[in-house]
2 protein chains.
Amino acid sequence: MTNKPIDKREAILQASLEIFAENGFHGSPTSQISKVANVGTGTIYRYFENKDALIDALHEEIDGRLRPAMSEGIDVEAPVRENVLRILKRVFHFFLENPHEFRFLEMYYNSPYGIAKVRSEKETCERPILQILRKGAERQVVKDLPDELLFGLCFGPMLMLTRDHFTGYLELTEEMIQAVIAASWDSLKL
Amino acid sequence: MTNKPIDKREAILQASLEIFAENGFHGSPTSQISKVANVGTGTIYRYFENKDALIDALHEEIDGRLRPAMSEGIDVEAPVRENVLRILKRVFHFFLENPHEFRFLEMYYNSPYGIAKVRSEKETCERPILQILRKGAERQVVKDLPDELLFGLCFGPMLMLTRDHFTGYLELTEEMIQAVIAASWDSLKL
DNA sequence: ATGAGTGGACTGAACGCTCACTCCGCACTG
DNA sequence: CAGTGCGGAGTGAGCGTTCAGTCCACTCAT
């Protein structure tokens with residue numbers, strides 16, 4: 001409840017994100033969500049079929065904000081290395097500036113909801129980062145490995161360190177972020 | 001319930017691991033655990049103060065098996081690179097051969113239980129991998145970065161890809177594992 | 001301009017259900 | 001037959017979900 005939400009649906013999504021990120025799906029009763037959103041408990045069910053649908057809608061909404069944040073600023077003509085570094089930096093900062101979104105996505109993809117989602121979709125393949133990496137492999141700048149491996153090498157360290165950052169295990173500085181990005185590129189390049 | 005457990009405590013731990021890994025902490029009622037363990041519901045509370053204590057004990061038990069599996073076979077005199085590759089390979093295989101343990105640990109460290117644990121302990125610092133990496137940094141073989149970053153670079157891709165493997169997003173082969181380990185080393189080395 | 005009438009968005013107490021946990025009688029051992 | 005370890009029906013707290021009732025913006029007859 002940081003600023004006045006325009007409509008109730010928005011208020012519910014905003015409150016949910018906050019509470020889910022801090023207490024997990026099962027630690028966030030609808031009663032609490034409705035209280036934070038300043039609506040009646042029943043109102044949640046006017047906008048979402050049930051709690052699961054609310055969670056899915058929230059995922060959809062966050063994903064819709066993350067995707068453009070990633071791809072924005074890519075230059076198709078620029079060298080592969082430059083594009084990879086740029087995307088990594090963008091995603092890193094998106095998550096560091098949006099802790100709730102990060103925690104939510106982590107929880108989502110670790111729960112039955114997200115696992116089912118990933119299994120059914122597989123549409124992750126069209127993510128721009130993979131097109132860039134594939135181009136790098138063709139040009140013999142990047143290791144010629146399966147898409148999924150390149151993806152893991154690229155984002156694995158970032159995701160792990162971002163999590164550690166939010167759990168308080170370490171405190172990331174701009175310098176450290178740069179070092180991680182550079183090192184991740186070292187693991188990708190031929 | 002694969003083989004006859006010696007005592008009830010063991011049976012409960014074994015059943016818990018199986019059910020937690022497959023259904024998550026909240027999807028695993030004590031009634032189901034007791035059924036799989038072939039004990040009464042009340043018996044669980046003879047061995048563990050409550051469900052949280054059971055989860056913590058299970059974590060303790062798994063951690064106790066993972067640690068030696070990691071450090072076993074390290075040669076203090078061997079080159080840094082060789083030791084790092086060896087540890088990575090060991091951990092990779094430990095998780096691939098113990099899916100339940102992997103899923104459990106992932107869930108544990110993503111839940112309030114594990115986060116509190118990590119925050120309070122910090123004893124991860126004495127893990128052998130870090131001593132090896134530190135030695136590598138001194139000898140100018142490995143990048144001179146904070147321990148936590150080296151740790152993230154080393155294990156981030158492995159953890160992410162292992163998860164993807166178990167969720168069915170990809171199927172890891174021995175060849176792919178080797179490639180990931182080699183690439184991870186590239187990100188660590190100077 | 002006014003006020004009675006109306007529809008539907010909203011509310012939150014109540015419902016039914018699930019779950020962690022308890023407790024007392026039972027069975028087995030020595 | 002005493003004592004110890006165990007079982008599982010029972011308990012109550014807390015959850016997601018519902019629905020009867022409230023409220024208010026708007027219409028329209030007067």
Side-chain angles (χ1 to χ4, degrees), chain A residues 1 3-61 104 107-108 110-114 116-117, chain B residues 1 4-61 103-104 107-108 110-114 116-117:
Chain A
M1 246 214 333
N3 43 18
K4 267 195 188 171
I6 291 166
D7 67 14
K8 312 231 167 196
R9 195 187 132 95
E10 200 65 26
I12 292 165
L13 283 171
Q14 212 170 300
S16 301
L17 174 59
E18 201 172 303
I19 296 171
F20 284 151
E22 273 159 23
N23 306 104
F25 297 137
H26 291 278
S28 307
T30 49
S31 59
Q32 198 189 341
I33 292 170
S34 64
K35 208 179 292 173
V36 173
N38 262 318
V39 300
T41 322
T43 309
I44 292 174
Y45 294 86
R46 299 200 54 73
Y47 291 99
F48 306 96
E49 200 189 326
N50 50 39
K51 205 182 172 186
D52 284 8
L54 167 59
I55 291 169
D56 278 333
L58 198 46
H59 168 251
E60 213 68 26
E61 197 261 345
F104 176 88
M107 286 171 20
Y108 184 81
N110 263 305
S111 70
Y113 314 103
K117 195 96 182 175
Chain B
M1 250 211 329
K4 266 195 190 171
I6 290 166
D7 66 15
K8 313 234 167 195
R9 195 188 132 95
E10 200 65 27
I12 292 164
L13 283 171
Q14 213 169 299
S16 301
L17 175 59
E18 200 173 303
I19 297 170
F20 284 151
E22 274 159 24
N23 306 104
F25 296 137
H26 291 279
S28 308
T30 48
S31 59
Q32 198 190 341
I33 293 170
S34 64
K35 209 180 292 173
V36 173
N38 261 317
V39 300
T41 326
T43 308
I44 291 175
Y45 294 87
R46 298 200 59 73
Y47 292 99
F48 306 96
E49 200 189 327
N50 50 40
K51 204 183 173 186
D52 284 7
L54 167 59
I55 290 169
D56 278 333
L58 198 46
H59 168 252
E60 213 69 25
E61 197 262 345
R103 284 295 299 153
F104 175 88
M107 284 170 20
Y108 184 81
N110 263 303
S111 70
Y113 313 104
K117 194 96 180 174

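Keep in mind the model is a prediction, meaning the values are calculated, not measured. Proteins get letters first, then strands, A, B, ... in listed order; numbering begins at 1 in each.
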### Message
Whole angstroms only, please: what is the CD-P distance between Gln32(B) and dT18(C)?
### Response
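In whole Å, dT18(C) P lies 14 Å from Gln32(B) CD.
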### Task
Give the intermediate values and the outcome of side chain to side chain contact (heavy atoms under 4.5 Å, CB included) for residues Phe48(A) and Leu13(A).
CA-CA 10 Å; Phe48(A) 306 96; Leu13(A) 283 171; 3.9 Å; yes
### Message
Distance check, rounded to the nearest 0.5 Å: His59(B) atom NE2 versus Asp56(B) atom CG?
### Response
8.0 Å
#### Entry: Nucleic acid contacts - residues 46-56 of chain A versus DNA chain C, non-hydrogen atoms under 4.0 Å
Arg46(A), Tyr47(A)
### Query
Are Thr41(B) and dG8(D) close enough that a side-chain N or O sits under 4.0 Å from OP1 or OP2?
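So the side chain of Thr41(B) is outside the cut-off, no N or O lying under 4.0 Å from OP1 or OP2 of dG8(D).
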Nucleotide N/O to protein N/O under 3.5 Å, stretch nucleotides 19-25 of chain D:
none

### Message
Any non-hydrogen side-chain atom of Arg9(A) less than 4.5 Å from a side-chain atom of Ile12(A)?
### Response
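SC-SC contact between Arg9(A) and Ile12(A) ruled out.
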### Query
Rounded to the Å, how far apart are Ile12(B) CD1 and dG7(D) C1'?
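Rounded to the whole Å, the gap is 12 Å.
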### Task
Indicate yes or no: at least one non-hydrogen side-chain atom of Leu58(A) is less than 4.5 angstrom from one of Tyr108(A).
no
### Task
Whole angstrom is fine here: how far is it from NZ in Lys35(A) over to P in dG16(D)?
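Result: 13 Å.
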### Approximate separation, where rounding is to 0.5 Å, of Phe20(B) CZ and Leu54(B) CG
5.0 Å
#### Entry: Spacing of Ser34(A) atom OG and Lys8(A) atom NZ [to the nearest 0.5 Å]
11.0 Å
### Query
Between atom CD1 in Ile44(B) and atom P in dC21(C), what is the gap in whole Å?
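My rounded result for the distance is 10 Å.
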### Query
Whole Å only: how far is the NZ atom of Lys8(B) from the C1' atom of dA27(C)?
12 Å
### Message
Can you tell me how far apart OG1 (Thr30(A)) and CG (Asn50(A)) are? Round to the nearest 0.5 Å.
### Response
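That separation rounds to 11.0 Å.
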### Query
Is there a side chain to side chain contact (heavy atoms under 4.5 Å, CB included) between Asn110(A) and Arg103(B) once you walk through the steps?
CA-CA 9 Å; Asn110(A) 263 305; Arg103(B) 284 295 299 153; 3.7 Å; yes
### Length of the CZ-P vector between Phe25(B) and dT18(C), whole Å
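Computing the Phe25(B):CZ to dT18(C):P distance gives 23 Å.
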